[in-house]
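Structure, as structure tokens:
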Amino acid sequence: MKRYIFYLVYILLCLLVAGLLIGNGMQPLVYPAEKSVRETGYHMNIGDLRKQAFNSSTDLLPLMQELLDFSGTIAVTLRKNDIESASSDLARYTSRYHDLQNLIIRLDMNESEIARFSHDAGQQKDLLSQFVSTSESLQSLERLEIQYQDEENPDSVTKVRLQGKALKNRIQTLQNQYADVTDSLSSQGNSLGVNTEPVVLSRAELERLTGTVAERQNERDRYTRFADTVSPFVSFLAAPDNITFMDKIEIYGFISGSQGNPSPVFITLDDVPLYEIIPDDIGEFRSTVIIHNISAGDHILATRWGNVISEPHQIVVTAMETSLGLRVIPVKGMSAVNLTGILTARDPVPMVPVNILVGGQVFDTVMTSGAGTFLVTVPLSEGIYGIYARFDDPTYPLLSSDSEHYIVESDGNSIISVTSSKAGSFPPWILVIPGLILFAIPILYFRRKGIMGKPDQNQVENFVRSEDARMERNETGTDDSMYGDGFTPAEENLTGPEELPRRMYLEVLSSLSRQGIQVSPVMTPREIAGAIQKDACRTRFTGFINWYERIRYGGCQDSRCTKGLIHAADAVRESCRERRDEA
């Protein structure tokens, strides 16, 4: 009954929700801005909402404040030479600036004071980005100076120190431009009600950075001896020195002097040009070299500018172990197989050649994709073939490796079988044990339910013996009934209201067992009744189990129930005796 009530309430709720959705769906609450809309019970002030959406700067102020806060943080971290943190803050600054731009366009504020604020914030973003890049250049220039000092190359040290002047001038130029932008942002921010202290702080911090750079350059000038700044010169730095496949080498350098016609800088590996870089207006160049088709071992990196070559820089490329996976899949309806695989070395290996071998001969060479995978179709004539893949190319810093081998059998029209070399024969017990378990589970279940198998005579043996003794007493007249004079539950050491019906039930089972009726304590009373032939014994046993269930499961403690159970048990015992006498 409770279940039907629950279903009814659930259906009513579903109908109510569906009705609300259908009713509201007849009048949509989201309207295109370019179309006229009518007022509804939910939106009574459409005109005011539209006016507010296009003329309010409330949503802009948090973004504007966040931009000003970022500028102060970036300036402080730059002055502390924490380039990595400054770059991270600059990336978030750029993201928020784009959010502001999009919001200004959406709110149609291109001619407002906020638009001028956005323009100046964009200039500030570009200037801060140049500050970050120039700070990285300063650190690289200091590493160059230290490197040349370690190599005891005074001429190179002097020329690197002279190149510091170019960076100092760039820092000073950026600072002058930044000062103008921050003055404009501060004025606009004050008029709009945002806090402009962070942007004022950023100007002060970048002025300190400019002063620090000037002091360092003045110290360099003090120790710089006379040098010919007209003669061409290339300074060059690469890091790290020890790399593996797909690692990156950061390259940095300066050109100085004059060579007539300006020319690009070439990055060379073992005197072979890799690619060219165009220096900027102060002669600085920066790039990244990815270790790919470079053999393992020692190599020499250098830069060449016209006829001038930089000092060589030695790098060590270490080969990595590789793993080559392969799957062989028959092509349906054809005498061919598809080979798919992936080559990995810490990560998937892109754009390297993999050989496909069929019958010990190279059938094809395929290049891996950007994800390190490959796919090739191999047609086969009738016969048995060994197929596998191999990577073995010394021009890459990768160790060779083979995939697992496959045996493919073809009849000329289709593929009969594909067997992996790793798939050995299964021990017989691996197949036998699951089979035994599969058949044993239902057998145990049915035996547990008493549906099949012989009754467990061990479980009723004790009760049969007690019944034999009782039957002998009845035959000699010492016991006129199943529970004669002098028998009480206390004398039988009974405990609790459930003990008496249970013991009487088991004793009745022992009587039935003596008549050849297959019974078991694990069978239900109804199952036992079904196992008895339709006669007086079955009828009386059915009457007995009615009293038994009323007492044991129904909780009847009335004396009439107990007497009824005893009389029913006597009747079953009497009918069993009559059946035995007739037999």
Side-chain angles (χ1 to χ4, degrees), residues 240 242-249 267 269-270 272-275 287-299 315-425:
N242 296 284
I243 57 271
T244 58
F245 182 76
M246 295 304 293
D247 284 348
K248 296 180 180 179
I249 303 177
I267 306 299
L269 177 68
D270 299 330
V272 177
L274 289 179
Y275 56 90
S287 184
T288 301
V289 175
I290 299 178
I291 301 301
H292 188 256
N293 56 331
I294 300 175
S295 62
D298 297 342
H299 297 274
I315 60 173
V316 179
V317 181
T318 304
M320 296 182 64
E321 293 186 357
T322 60
S323 175
L324 184 57
L326 179 67
R327 290 184 59 196
V328 178
I329 305 173
V331 179
K332 186 176 181 180
M334 296 178 58
S335 181
V337 290
N338 285 331
L339 274 61
T340 63
I342 182 171
L343 181 64
T344 57
R346 181 179 60 193
D347 295 311
V349 177
M351 304 307 296
V352 299
V354 174
N355 294 325
I356 307 299
L357 290 92
V358 179
Q361 302 295 325
V362 176
F363 169 79
D364 193 6
T365 300
V366 295
M367 297 294 292
T368 60
S369 66
T373 59
F374 60 90
L375 169 64
V376 63
T377 300
V378 179
L380 298 173
S381 57
E382 183 179 0
I384 300 176
Y385 302 88
I387 298 178
Y388 65 100
R390 170 183 293 171
F391 169 76
D392 186 12
D393 193 331
T395 60
Y396 297 86
L398 300 167
L399 299 178
S400 61
S401 62
D402 289 355
S403 71
E404 61 179 298
H405 291 227
Y406 286 84
I407 303 298
V408 180
E409 183 177 359
S410 171
D411 61 2
N413 296 318
S414 61
I415 302 301
I416 299 176
S417 65
V418 176
T419 306
S420 170
S421 61
K422 294 184 178 180
S425 60

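Within the 4.5 Å cutoff, no side-chain heavy atoms of N293 are placed close to those of D393. A 4.5 Å side-chain heavy-atom check between F245 and D347 finds every atom pair outside the cut-off.
Here Y388 pairs with H405 under the ring pair (Phe, Tyr, Trp, His ring centres under 6.0 Å) rule; sequence neighbours left out. Contacts of F374 classified as ring pair (Phe, Tyr, Trp, His ring centres under 6.0 Å), with partners at least two apart in sequence or in another chain: none. In this structure, the side chain to side chain contact (heavy atoms under 4.5 Å, CB included) partners of P240, at least two apart in sequence or on a different chain, are I243. Evaluation of the side-chain hydrogen bond (donor to acceptor under 3.5 Å, both in side chains) rule for S369 yields T373 as partners, not counting sequence neighbours. S295 pairs by the side-chain hydrogen bond (donor to acceptor under 3.5 Å, both in side chains) definition with nothing, not counting sequence neighbours. Take F391 and apply the ring pair (Phe, Tyr, Trp, His ring centres under 6.0 Å) test, not counting sequence neighbours, and it matches no residue.
For the atom pair OG1 of T318 and CD1 of I291, the computed distance is 10.5 Å after rounding to the nearest 0.5 Å. For the atom pair CE of M351 and NE2 of H292, the computed distance is 7.0 Å after rounding to the nearest 0.5 Å. Atoms CG and CD1, on N242 and I315 in that order, are 9.5 Å from each other to the nearest 0.5 Å. Interatomic distance, M334 CE to S410 OG, rounded to the nearest 0.5 Å: 10.5 Å. The structure places CD of E321 at 9.5 Å from OG of S401, a figure rounded to the nearest 0.5 Å. In this structure, S287 OG and K248 NZ are separated by 11.0 Å, a value rounded to the nearest 0.5 Å.
Between P350 and G370, the shortest heavy-atom distance links the atoms CB-O, 3.5 Å. Between P394 and D392 the shortest heavy-atom distance is CD-O, 4.0 Å. Here the closest heavy-atom approach between residue Y385 and residue E382 is recorded as OH-O, 3.5 Å. The two residues V328 and P330 have their closest heavy-atom pair at O-CD, 4.0 Å. When all heavy atoms of P379 and A336 are compared, the closest pair comes out as CA-CB, 3.8 Å. Smallest separation of non-hydrogen atoms from L357 and G360: CD2-O, 4.1 Å.
The backbone N or O of L399 sits less than 3.5 Å from a side-chain atom of T322, completing a donor-acceptor pair. Between the side chain of T368 and the backbone N or O of V349, at least one donor-acceptor pair lies under 3.5 Å.
More than 12 heavy-atom neighbours from other residues, nucleotides or ligands sit within 6.0 angstrom of CD on E409.
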task = Quick one: do S335 and N413 satisfy side chain to side chain donor-acceptor pair (under 3.5 Å)? Show the steps, please.
result = CA-CA 5 Å; S335 181; N413 296 318; over 6 Å; no
inquiry  = If you apply the rule side chain to side chain contact (heavy atoms under 4.5 Å, CB included), what do you find for L380 with V358, and how did you get there?
reply    = CA-CA 9 Å; L380 298 173; V358 179; 4.1 Å; yes
ask   = L326 and L339: side chain to side chain contact (heavy atoms under 4.5 Å, CB included), yes or no, with the steps?
value = CA-CA 7 Å; L326 179 67; L339 274 61; 4.0 Å; yes
